[in-house]
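Note that these values count all heavy atoms, side chains included, but never hydrogens, waters or copies made by symmetry.
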Amino acid sequence: MRRTKNRGHSNEFHPIYSDYRKIVHCWMLQLLVSLGGHKGMILERHCSEDEVLHELGLSHLLEAEEFNANAARQALQKMHSELGISQMAAIPKDTQLAKNIAWLGEIIGLNGTEQAILHFHVIASRHLILRTCLLSLGQGIDLLYAANILSLMLDVDEAEVELALKPGAALIRTGLISIPSKLDDLMDKICLLPGLADNLFTAQDDPYRLFRDNFTPAGAARLTIQDYPHLTEDIAILKSYLSEALRNKRAGVNVLIYGTPGSGKTEFVKTLAREVGRPLFEIATEDADGDPIQRANRFRSFRLSQHILATNGTLPLVLFDEVEDVFRIGKDGDDADNASGMKGWINKLLEENQIPSFWLSNNLDCLDNAFIRRFDYVIELNTPPRSVRSKILDQYLDGIDVSTSWKRSMAEHEYLNPAVIERAAKVIEIAKIQHPELHTEKALERVLGNTLEALGLSRSPGNALQSVTGYRLEILNTDCNIQDVCDGLHEHGEGRLCLYGPPGTGKSAFGRYLAESLDRPLMLRRASDILSPYLGVAEKNMASMFREAREENAILLLDEADTFLRDRNGATRSWEVSQVNEMLTQMESFEGIFIASTNLMDSLDAAALRRFDMKVKFDFLKPEQAWQIFLDTAAKFKLEVSDEDRVKLSRLQWLTPGDFANVVRQSRLRKMQSAQDLIDRLQAECQVKPEGMKRKIGF
């Protein structure tokens with residue numbers, strides 16, 4: 001006896017089987033007989049798809065000693081005639097699927113033919129044997145042939161089907177189905193929006209749950225609008241604009257928010273939505289199995305959300321996150337051969353969307369300028385300022401045993417963003433359950449540091465300029481009364497200072513002292529933080545540096561400022577000039593406190609020097625200043641000091657506060673023995689300076 005395939009009959013357990021059995025059999029017979037699908041299935045010696053005959057009740061043909069192809073074809077023809085295919089079985093109207101499709105058709109305007117097409121594709125996507133019959137028609141199905149097949153299946157005029165499959169028709173416009181240009185069996189030629197079919201078979205307390213694989217209500221905001229003091233002006237404008245747009249149901253309202261990953265872009269949108277009193281829906285990024293959704297399908301979900309949510313009595317807002325990939329046009333994938341057409345389609349989408357939408361991206365590299373111009377409002381949102389970081393630490397670490405001083409110190413980390421804090425807090429909370437004795441602050445520092453290091457960032461706050469000897473104005477050898485300068489900055493709150501002089505004389509540390517005395521954050525930047533091998537990026541980093549300082553009301557300290565303020569007359573490359581020009585422009589418009597420190601005063605551009613309110617020279621220590629620091633350092637190590645030590649110290653030239661700091665750090669590796677040992681080490685520091693090396697050569 002001929003062996004038959006054992007593929008199982010999973011469809012008989014599917015909930016659609018009993019409700020749709022008659023119409024499915026009609027469709028199968030139309031495909032096999034009227035459209036000739038049996039030719040590739042009923043072969044001379046066997047049937048290539050046994051489950052089709054099982055489904056139609058023709059199993060006996062498979063159980064015969066020899067398979068009879070003619071008998072199989074005649075049996076199919078007889079069934080086709082007996083069922084009266086000319087009078088097509090009607091699609092059931094009282095099933096849950098039919099009710100959901102009718103509701104969907106009502107709210108987005110699907111006519112009878114469009115609902116029937118949707119109905120057919122939903123069933124075919126779940127009924128594997130019906131799909132097998134569709135595949136029997138082979139490849140190479142163009143849109144006209146697809147319309148012919150659907151016309152026959154649904155017993156409707158072919159012209160109506162063609163109209164329903166045009167780009168401007170409701171099925172396509174809303175994203176419920178799409179028609180790719182490259183795939184060519186019927187189910188691939190007309191693609192149902194992924195995730196929708198299963199949901200349409202089930203009853204929903206909330207009709208919007210039908211689309212949970214496409215868009216879902218966003219979670220509640222955890223911050224308040226007061227947590228974004230650096231965005232006060234942006235928030236005021238957006239609140240007014242969105243309120244008016246929602247009230248008058250304006251189309252084409254789009255806001256682009258970009259910035260580093262984890263900087264709180266999503267949280268900001270949630271907070272803003274709550275502020276304007278509207279619900280927020282998010283476009284799904286992954287399917288029910290946790291797999292990422294392809295970009296074309298995310299766009300389709302967005303289009304569907306616009307049509308479905310527009311019927312909501314309280315017009316909501318839509319959040320489209322992670323748009324880097326979906327805006328990538330013409331580089332690869334199925335849009336590569338239609339870049340201009342796809343670009344035009346997206347432009348139109350941005351001009352006609354009915355629901356105000358927020359588009360979130362980690363950078364703008366993926367967005368063509370033609371797209372960016374179509375956004376009503378663009379905001380760059382990077383790591384929040386120190387005041388916000390402090391509040392976020394308080395919120396996420398609530399209930400975790402950490403000290404206020406630790407949180408205050410950690411808030412100084414300028415790259416510490418909400419996502420990193422939230423995940424670290426989660427790890428520590430769970431770890432403490434098993435190990436209550438865990439040192440919370442050290443563990444948090446390790447978790448946070450590991451993540452930041454993996455991101456290419458510093459493990460600890462970069463603004464820390466720790467003084468190991470104590471910083472006092474009276475030990476600074478400046479060419480003006482530095483206390484008067486501090487008082488003036490305290491009174492007026494702004495000023496541009498150029499601090500110059502030898503290394504170690506206290507220029508950079510003055511920025512930390514000033515920030516503490518004025519109770520303002522310090523933003524420390526070095527040349528390496530700004531420079532980039534890519535043209536124009538350094539200028540962009542400069543602008544960002546001044547903007548962040550303005551937002552945080554921070555004292556901006558630029559170390560090694562000569563890198564960007566060199567005399568343009570000596571420039572040999574165009575980018576050297578453009579960097580100086582950008583720095584001068586930013587300095588001119590900055591209204592806060594800006595401190596530039598340099599060891600190379602003679603190389604600065606004349607125009608740069610004119611823009612500084614004051615140029616303050618920091619010089620080597622005077623003998624009495626050196627003696628003051630010497631006494632402080634000796635006391636730190638409990639060393640006995642004599643008048644002879646003062647005489648010896650006075651013979652040392654080119655001493656700076658930095659030299660004392662170096663020998664203190666050195667003592668961690670080599671213990672300090674005596675006051676003479678301290679003097680010897682200071683002398684060694686002086687001898688390796690350029691001034692000391694010149695003296696050696698002179699001898």
Taking the side chain from [X] and the backbone from [Y], do they hold a donor-acceptor pair closer than 3.5 Å?
X      : Y      : value
Lys407 : Asp394 : no
Asp398 : Gln395 : no
Arg423 : Thr451 : no
Glu441 : Val402 : no
Asn477 : Phe620 : yes
Arg512 : Ser508 : no
Thr585 : Asn581 : yes
Asp562 : Thr598 : no
Ser361 : Leu364 : no
Lys615 : Leu609 : yes

Answer yes or no: is there a side-chain heavy-atom contact under 4.5 Å between [X] and [Y]?
X      : Y      : result
Arg250 : Glu244 : yes
Arg274 : Thr224 : yes
Phe268 : Leu360 : no
Leu531 : Phe564 : yes
Val420 : Leu448 : yes
Met410 : Glu445 : yes
Leu416 : Leu393 : yes
Glu351 : Arg374 : yes

Trace of the side chain to side chain contact (heavy atoms under 4.5 Å, CB included) decision for Leu655 with Ile629
CA-CA 11 Å; Leu655 273 176; Ile629 305 178; over 6 Å; no
Nearest-0.5 Å distance that lies between atom [atom1] in [X] and atom [atom2] in [Y]:
X      : Y      : atom1 : atom2 : answer
Asn353 : Gln306 : CG    : CD    : 4.5 Å
Cys498 : Ile595 : SG    : CD1   : 11.0 Å
Met583 : Gln586 : CE    : CD    : 8.0 Å
Met614 : Leu489 : CE    : CG    : 9.0 Å
Leu621 : Thr656 : CG    : OG1   : 6.5 Å
Phe358 : Leu238 : CZ    : CG    : 6.0 Å

Identified side-chain contact (heavy atoms from CB on, under 4.5 Å) counterpart of Ile593 within the set Leu514, Asn553, Leu522
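With Ile593 as partner, side-chain contact (heavy atoms from CB on, under 4.5 Å) holds for just one option, Leu514.
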Search all heavy atoms of [X] against all heavy atoms of [Y] and return the closest pair with its distance.
X      : Y      : answer
Thr505 : Leu476 : O-CD2, 3.8 Å
Ala561 : Ala596 : CB-CB, 3.5 Å
Gly501 : Asn599 : O-OD1, 3.1 Å
Leu473 : Cys486 : CD1-SG, 4.1 Å
His413 : Arg389 : O-NE, 2.9 Å
Arg611 : Arg496 : O-NE, 2.7 Å

Between Glu380 and Arg547, is there a side-chain N and carboxylate O pair less than 4.0 Å apart?
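Between Arg547 and Glu380 there is a salt bridge, with a charged N closer than 4.0 Å to a carboxylate O.
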Does this structure show an ion pair linking Lys239 with Glu275, if we count only N-O contacts that are shorter than 4.0 Å?
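Here Lys239 pairs with Glu275 in a salt bridge, since their nearest N and O are under 4.0 Å apart.
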Could you walk me through whether Ser301 and Ile293 pass the side chain to side chain contact (heavy atoms under 4.5 Å, CB included) test, one step at a time?
CA-CA 10 Å; Ser301 293; Ile293 299 175; 5.6 Å; no
Could you label the plane-to-plane angle of the [X] and [Y] rings as parallel, tilted or perpendicular, counting under 30° as parallel and over 60° as perpendicular?
X      : Y      : result
Phe510 : Tyr513 : parallel
Phe320 : Phe302 : tilted
Phe375 : Trp359 : perpendicular

So with a 6.0 Å cut-off around CD of Glu233, is the heavy-atom count from everything else above 12?
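At most 12 heavy atoms, drawn from other residues, nucleotides or ligands, come within 6.0 Å of this atom.
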May I ask you to check whether Tyr241 and Tyr377 place their ring centres under 6.0 Å from each other?
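They do not qualify: ring centres at least 6.0 Å apart.
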If you apply the rule side-chain hydrogen bond (donor to acceptor under 3.5 Å, both in side chains), what do you find for Gln628 with Asp632, and how did you get there?
CA-CA 6 Å; Gln628 270 189 295; Asp632 291 343; over 6 Å; no
Derivation of the salt bridge (Lys or Arg N to Asp or Glu O under 4.0 Å) call for Arg298 and Glu322
CA-CA 10 Å; Arg298 294 196 70 209; Glu322 300 177 13; 5.2 Å; no
Applying side chain to side chain donor-acceptor pair (under 3.5 Å), which residue pairs with at least one partner in residues 528-543 are found, sequence neighbours left out?
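For residues 528-543: Glu539-Ser578.
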Show your reasoning for whether side chain to side chain contact (heavy atoms under 4.5 Å, CB included) applies to Ile283 and Val318.
CA-CA 7 Å; Ile283 302 302; Val318 167; 3.9 Å; yes
Could you give me the CA-CA distance, side-chain angles and deciding distance for Leu231 and Leu381, then say whether side chain to side chain contact (heavy atoms under 4.5 Å, CB included) is met?
CA-CA 9 Å; Leu231 299 177; Leu381 188 62; 3.5 Å; yes
